[in-house]
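Please read the structure below before turning to the comments.
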Amino acid sequence: MATKAQYVFFRESLMRWHREQNDRSLPWKGERNAYRIWLSEIILQQTRAAQGLDYYLKFTRTYPDIRSLAAAPDEEVFRLWQGLGYYNRCRNMLATARFISDTYQGRFPDTYDEILALKGVGPYTAAAIASFAFDLPHAVVDGNVYRVLSRFFAIETPVDSTEGKRIFASLAQELIDADSPAAYNQAIMDLGATVCTPAAPLCMFCPLAERCAAYRQNLTGLLPVKEKKLSVQTRHFNYVVMRSGDSVWIRQRKEKGIWQDLHEFLLIETPEAATLKQIEKEIKQLTTARVALRHIGSLRQRLTHQLILSEFYEAQLSAQLTVPDTEGFWVDISELQRFAFPKTMVSFIAAHLHG
DNA sequence: AAGCCGGGGTC
DNA sequence: GACCCAGGCTT
C-alpha cells in the first residue's frame, strides 16, 4: 500500500534527479509561449520527439504566431504536415488556431477548462499547456507517466481501462509538486523517456529504484498492463494512375477513415488481391473510353492497425476524361507538390512520376 | 467502452 | 514480428 512517505520520496527524488539532469536539448523544453507549447504538444501526440522535431521547426518557422497559422490555406498546412500521420490532428489544429484567433483575438486561453475545450486537446495536452505555459498545477498523464507510476507502485490495473485511467490520473495529481508543476511534469516524462523505458529500463541509473515496487519484485517487464490487443486488418488497394500528357488525375479523400483530407489517385479497393483484368473491368464501369492498364509497381505498407497492399496501374489517356461520381481533378505533375499525400504515396510519386 | 487514426523506432 | 510513441475523437 502506498504511504505518504512514498509519495514524498517519489516527488523529491524525481525533482532532485531532474535538477541534476539539466537536459534542455529539445527546442520546446523550457518554452513559455503558449502557442509554441500547444503546437509542440499536438505534433508530439503519439509521436516520438525525434520524428516530430523537424515538423516543429518547420511549423514555428512558417507560422511564428497563431494568427499566421489561422490565416494559412488548408492545403498549405496539410502539405506541411504531410508524412507525420494522424491527420485529424492537423485538421483540429487548424480549427483551433482559427477559433483562438477569432474568439480570443489570438490570445491563448489561460485556464485549464478553456484549454481542455479546444479541439484536439485532451486531458494530457491540456495539462501540459496549463503547466508549461501558465504554471498551473495539473499533472500530465501520458505513456511515460503510466509506465513510471505503474512500476513504482506496482499497479496492475490495465492502463487502457476506464478504471485505470481514473486511478493513474488521480495518483499523478496527488504526486505533482504544486510549487513547480512545469518542472515536475517535465521530470516525470523525461524519466520515462530516458530511464524507465518500455523494454530494458535502466534501473541502475534510476533515482527511484530503491523504493520501486516493480524493481524490487522483478516486475518491470510485466508493467504497465494493457488489456486491449490490436487487430490488424489487411486491405487491397488498386491505384490507377490516369495520365494524359503531363497531367494526372487525383482526388481528395473526404470519407471518414484513413488518410481523410489527403489526396490519392483513382482507387479501387477489392476484398482480395485483384488481377489487371479485374481492375480493367472495374474501369469499364466508370467510363466508356477504352482504357489500357499497365502494372507499374507494388507497395506494402504496415500501419498500426492496417496492412495495406497496394498495386499501381498506369493508364495513358488521349483526353482528360471525367470520372463520374467523384470530385477528382486533373493536375500537372509539376503541381503535385502542392497537395498532401500519404507518406508512401510521396515515395511512389518521386520514383514514378517525373513528368 | 470499444474502435479508429500513421508512420517510424526499438528490441 | 510485437510493442510503443509527449493521445484524442467518434460511435
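Keep in mind it's a predicted model, so treat the numbers as computed, not measured. To find a chain, count down the sequence lines: A is the first, B the second, and so on, and within it residues start at 1.
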Is any side-chain nitrogen or oxygen of A:Trp259 closer than 4.0 Å to OP1 or OP2 of B:dG7? yes
With distance as the sole criterion, is a donor-acceptor pair present between the side chains of A:His295 and A:Glu311 under 3.5 Å? yes
I want to check one thing: is the phosphate of B:dG7, taken as OP1 and OP2, less than 4.0 Å away from some side-chain N or O of A:Arg48? no
How would you label the contact of A:Leu84 with the nucleic acid (heavy atoms, under 4.0 Å): base, sugar-phosphate, or nothing? base
Side-chain donor/acceptor of A:Gln45 to base of C:dG8, under 3.5 Å: no
A:His305 side-chain N/O to B:dC4 phosphate OP1/OP2 under 4.0 Å: no
Quickly work out the A:Ile43 CD1 to C:dG7 P distance and round it to whole Å. 14 Å
How are the rings of A:Phe312 and A:Tyr239 set relative to one another: parallel (under 30°), tilted (30 to 60°) or perpendicular (over 60°)? parallel
Integer-rounded Å distance: B:dG8 P and A:Tyr55 OH: 8 Å
Have a look at A:Gly257 and say if it touches a base, only the backbone sugar-phosphate, or nothing, with a 4.0 Å heavy-atom cut-off. sugar-phosphate
Taking atom P of C:dC5 as reference, at what distance in whole Å does atom CG of A:Asp142 sit? 8 Å
Atom CG of A:Leu223 and atom P of C:dC4: how far apart are they, to the nearest Å? 12 Å
Looking at A:Gln46, does any N or O in its side chain come under 4.0 Å of the phosphate oxygens OP1/OP2 on C:dG8? no
CG of A:Asn144 versus P of C:dC5: gap in Å, rounded? 7 Å
Would you check if there is a donor-acceptor pair between the side chains of A:Glu41 and A:Thr125 at a distance under 3.5 Å? no
For the C1' atoms, the ones on B:dC5 and on C:dC4, what distance do you get once it is rounded to whole angstrom? 15 Å
B:dG8 and C:dG8: how far apart are their P atoms, nearest whole angstrom? 22 Å
Within the 4.0 Å heavy-atom criterion, would you say A:Gly192 contacts the bases, only the backbone, or no part of the nucleic acid? nothing
When the nearest nucleotide of DNA chain B is assigned to A:Asp160 and to A:Leu262 on a heavy-atom basis, which residue is associated with the more 5' position? A:Asp160
Is A:Ser231 side chain donor-acceptor paired with the B:dG3 base, going by distance under 3.5 Å alone? no
Would you please confirm or rule out a distance under 4.0 Å between OP1 or OP2 of B:dG7 and any side-chain N or O of A:Tyr87? yes
Output a table of nitrogen or oxygen pairs between the protein and nucleotides 9-11 of chain C separated by less than 3.5 Å.
{"residue": "C:dC9", "atom": "OP1", "partner": "A:Gly120", "partner atom": "N", "Å": "2.8"}

Would A:Gln173 and A:Ser170 count as having a side-chain donor-acceptor pair, cut-off 3.5 Å? no
Using a 4.0 Å heavy-atom cut-off across all strands, classify A:Thr125 as base, sugar-phosphate, or nothing. sugar-phosphate
Respond yes when some side-chain nitrogen or oxygen of A:Lys226 is under 4.0 Å from OP1 or OP2 of C:dC3, and no when none is. no
Using a 3.5 Å distance criterion without hydrogens, assess whether the side chain of A:Ser161 forms a donor-acceptor pair with backbone atoms of A:Pro158. yes
From NE2 of A:His18 over to C1' of C:dA6, roughly how many Å is that when rounded to an integer? 13 Å
Does C:dA2 have its OP1 or OP2 closer than 4.0 Å to a side-chain nitrogen or oxygen of A:Arg302? no
Please figure out whether A:Gln306 or A:Glu227 has its closest DNA chain B nucleotide nearer the 5' end. A:Glu227
Hey, are A:Glu76 and A:Tyr63 close enough side-chain-wise for a donor-acceptor pair under 3.5 Å? yes
Looking at every non-hydrogen atom in both residues, tell me the closest pair between A:Tyr112 and A:Leu136 and how far apart they are. N-CD1, 4.2 Å
A:Tyr146: which of A:Phe168, A:Tyr124, A:Phe153 passes ring-ring contact (aromatic ring centres under 6.0 Å, His included): A:Phe168
Spacing of A:Arg89 atom CZ relative to C:dC5 atom P, expressed in whole Å: 14 Å
Do we see a donor-acceptor contact under 3.5 Å between the side chains of A:Thr47 and A:Arg89? yes
Expressed as a whole number of angstroms, how long is the span from A:Trp28:CH2 to C:dA6:C1'? 9 Å
Distance criterion of 3.5 Å, no angle test: do you see the side chain of A:Thr47 paired donor-to-acceptor with the base of B:dG7? no
With a non-hydrogen cut-off below 4.0 angstrom, is A:Gln301 in contact with a base, only sugar-phosphate, or nothing? sugar-phosphate
Would you say the side chain of A:Tyr124 and the base of C:dG7 hold a donor-acceptor pair, judged only by whether the two atoms sit under 3.5 Å apart? no
B:dG3 versus C:dA6 - spacing of their C1' atoms, nearest Å: 23 Å
